[in-house]
**Student:** 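Take a look at this one; I'll ask things after.
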Amino acid sequence: MMTSFLFRAMDARAGVFLAIMAAVIILVPAGNLLVPHGSPFHVPTYAVTLMGKYLTYALLALAVDLVWGYCGILSLGHAAFFALGGYAMGMYLMRQIGTRGVYGDPTLPDFMVFLNWQELPWYWYGFDMFWFAALMVLLVPGLIAFVFGWFAFRSRVTGVYLSIITQALTYALLLAFFRNDMGFGGNNGLTDFKDILGFDIQADTTRAGLFAASGLALVLSYMICRSITRSKLGKVLVAVRDAESRIRFLGYRVEHYKLFVWTLSAMMAGVAGALYVPQVGIINPGEFAPANSIEVVIWVAVGGRGTLVGAVLGAVLVNFAKTWFTAALPEIWLFALGGLFVFVTLFLPKGILGTLNDGWSALRQRRNSSGQEDGTGGPRPQAKQSEDAPASTPPPVPAMSRAGASHPQPAE
Amino acid sequence: MKATSLLYLDGVSVTFDGFKALNELSLTIAPGEMRAIIGPNGAGKTTMMDVITGKTKPDRGEIYFDGAIDLTGEDEASIAEIGIGRKFQKPTVFESHTVRDNLELALKAPRGPFATLFHVISGRETKRIDDLLGLIRLSDRKHELAANLSHGQKQWLEIGMLLAQDPKLLLVDEPAAGMTDAETAETAELLKDIAQDHSVVVVEHDMEFVRSLGVRVTVLHEGSVLAEGSLDHVSANERVVEVYLGR
């Protein structure tokens, strides 16, 4: 069952994506570790870390695309799940510091010693073990998303109202994590990490390893998302997105479907956060900032929502631009980001990938119908969307049905 | 009466902001029956469908399906699972899905997320979809997006989806709206076919269409039943003529 499930994810498009990702996962660490310094092909360590960070952002964007692009849930709070996953990983990394901290306490992290705490709070238990922390990376965002979604979807909160309460969720968590007595390091968050699984977190090999792990997590999540969107469940999701009340009358429980993808998506965001923290070396409440979640939505919109690959592309492109802008012209970055969003909304409503898909299928349609002079082969905006975007990639349209399109259409 | 009926409404009332959309409506549909519901605008025809399918909760009254199942406490999804299918007045199909996928979604099968996640379409299902495509005459357009269908074809696709659900009772709201005369006649034939092994409630404005169905007619007016009987019988009723022609 599982093999047929993942097998469904594979086709030419997935193949291209996997090939590119495989090349990136192998070449970037190799360029860092194997190519000597001074060679033009040497990849500096800071670049490995930077690109590793992009990959975790791409994973976060993928998670948002799954709920927004396919199920129509516009989440403006996904950075909260990302940050929760990051905190779970940060707690593990804090406990790994041990006596190497400033105060040298074997169990208490520095900030707790500083606050005069005598013993570890109960919710820090277990985080000295990696497997436990890894489990929490999935469970904490998953559980919070499940409870949130249970109430929101059962009450049929949709559209802009849902978006607003997701913002409220991330803002509430921001305020909570700012408090020192929450026991998560307050304003400063968790930082000064030493090692992960026994490897020095600053070492080039560890950095390369984290980069590869981020790439693999992205590939795996992509395969899972694609298996879902190409399954019958994926078709139900798109139906929910397009006509939520209609699908109820077919007997589908919309709230169960939403809850399923919502929880899964939150868990993916948690994994992204957990891979992000060891690479950037810090997690603080700033990650919960409402603006972060909105930025993720912009990445997905730029890349093309409902395309999966587009989310990855958008996240990498926008963050690359951000890196460049904030170094070269720091004061105009926010204007550039805002301008980009306006531009995409006005001129590329389907995002980069959606627009490319349209162009590609229009071209193919024109080539196919070059023999027919009846003008049916002309690009029709609605038809092209099917070629890739939402749920299914229908088999190539046989000549028969294209001829059918030229039949007189009664009763219009 | 209640025990032997397929659908039983008794004293059902619905009020929207003081407007009585349904007023002590009582109606019984026998198993295997086809019934046409007519009435002027605002008579409560669509509200009646909403109440039966769980979209609107009645303020008062009881609704039973199959003699024993109380529908007033159920939501849309469970009522659909119990066996009531509905076609909307405005054709509502999933436009970014292909015609074939629309039928696949409607096909009777387990409706849970995990069942659909691991669902692999069986040969029996493919055959059923192909049969339905033939019936609704969309075989050669099955890979096209539903958005590209004409209005009449969307109506037919929706009827096909209704059949794919295989419900015991079909509620069909204005199936002939916006159709050409030829299409209307074909739709009447299709509904008569369907009525052979399903119970059907058809809401329609078009008197010619209702006549061609040749079934028992219920006239609604201001949320309750005004007259019931054959079309000739109800059109002879003075009150019916009055509400249709205005006072």
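Quick caveat, the model's predicted, so the values are computed rather than measured.
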**Student:** How far does NE2 of B:H119 sit from CG of A:L233, to the nearest 0.5 angstrom?
**Tutor:**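 The NE2 atom of B:H119 sits 11.5 Å away from the CG atom of A:L233.
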**Student:** List for me each residue that meets side chain to side chain donor-acceptor pair (under 3.5 Å) alongside B:E62, sequence neighbours excluded, and say none if there are none.
**Tutor:**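 So B:E62 forms no side chain to side chain donor-acceptor pair (under 3.5 Å) with any residue.
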**Student:** For A:Y161, does the OH atom sit with more than 12 other heavy atoms under 6.0 Å from it, leaving out its own atoms?
**Tutor:**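 At most 12 heavy atoms, drawn from other residues, nucleotides or ligands, come within 6.0 Å of this atom.
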**Student:** Please report the interatomic distance CZ(A:F249) to CG(B:L171), rounded to the nearest 0.5 Å.
**Tutor:**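 A:F249 atom CZ to B:L171 atom CG measures 10.0 Å (nearest 0.5 Å).
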**Student:** Side chain to side chain contact (heavy atoms under 4.5 Å, CB included) between A:D242 and B:E95: does it pass, once the steps are laid out?
**Tutor:** CA-CA 8 Å; A:D242 292 346; B:E95 304 216 328; 5.7 Å; no
**Student:** Taking 4.0 angstrom as the limit, do B:E76 and A:R156 come out as a salt bridge?
**Tutor:**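 Result for this pair is yes, salt bridge flagged.
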**Student:** Of all residues at least two apart in sequence or in a different chain, which pass the salt bridge (Lys or Arg N to Asp or Glu O under 4.0 Å) check with A:R248?
**Tutor:**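 Partners of A:R248 under the salt bridge (Lys or Arg N to Asp or Glu O under 4.0 Å) test: A:E244, A:E255.
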**Student:** Is there a side chain to side chain contact (heavy atoms under 4.5 Å, CB included) between B:F94 and A:L250 once you walk through the steps?
**Tutor:** CA-CA 12 Å; B:F94 303 114; A:L250 289 183; 3.7 Å; yes
**Student:** For residues 260-269 of chain A, which residue pairs qualify under salt bridge (Lys or Arg N to Asp or Glu O under 4.0 Å), counting only residues two or more places apart or in two chains?
**Tutor:**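 Sorted pair list comes back empty.
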**Student:** Just verifying a value: how many Å separate B:L117 CG and A:L264 CG, rounded to the nearest 0.5 Å?
**Tutor:**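 The CG atom of A:L264 is 9.5 Å from CG of B:L117, to the nearest 0.5 Å.
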**Student:** Please check if the side chain of B:R111 supplies one atom and the backbone of A:Y252 the other of a donor-acceptor pair under 3.5 Å.
**Tutor:**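 No, B:R111 side chain to A:Y252 backbone: no donor-acceptor pair under 3.5 Å.
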**Student:** Sort by residue number and list every residue of residues 77-90 of chain B having at least one heavy atom under 4.5 Å from chain A.
**Tutor:**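 Result: B:A77, B:S78, B:A80, B:E81, B:R86, B:F88.
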**Student:** Relative to chain B, which segment of A:L259 carries a heavy atom at a distance below 4.5 Å: side chain, backbone, both, or neither?
**Tutor:**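 Looking at A:L259, nothing touches chain B.
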**Student:** Please check if any side-chain donor atom of A:Y257 sits under 3.5 Å from a side-chain acceptor atom of B:T116, or the reverse.
**Tutor:**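 B:T116 and A:Y257 do have a side-chain donor-acceptor pair below 3.5 Å.
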**Student:** Determine, stepwise, if the pair A:R253 / B:D75 fulfils salt bridge (Lys or Arg N to Asp or Glu O under 4.0 Å).
**Tutor:** CA-CA 9 Å; A:R253 295 205 166 274; B:D75 66 359; 2.7 Å; yes
**Student:** Are B:E104 and A:K235 close enough, and set up right, to give a salt bridge (Lys or Arg N to Asp or Glu O under 4.0 Å), and what steps lead you there?
**Tutor:** CA-CA 9 Å; B:E104 191 192 337; A:K235 291 175 189 170; 2.9 Å; yes
**Student:** Which one of A:S227, A:A239, A:S245, A:A243 has the most heavy-atom pairs closer than 4.5 Å to chain B?
**Tutor:**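 Most heavy-atom pairs under 4.5 Å with chain B: A:A239.
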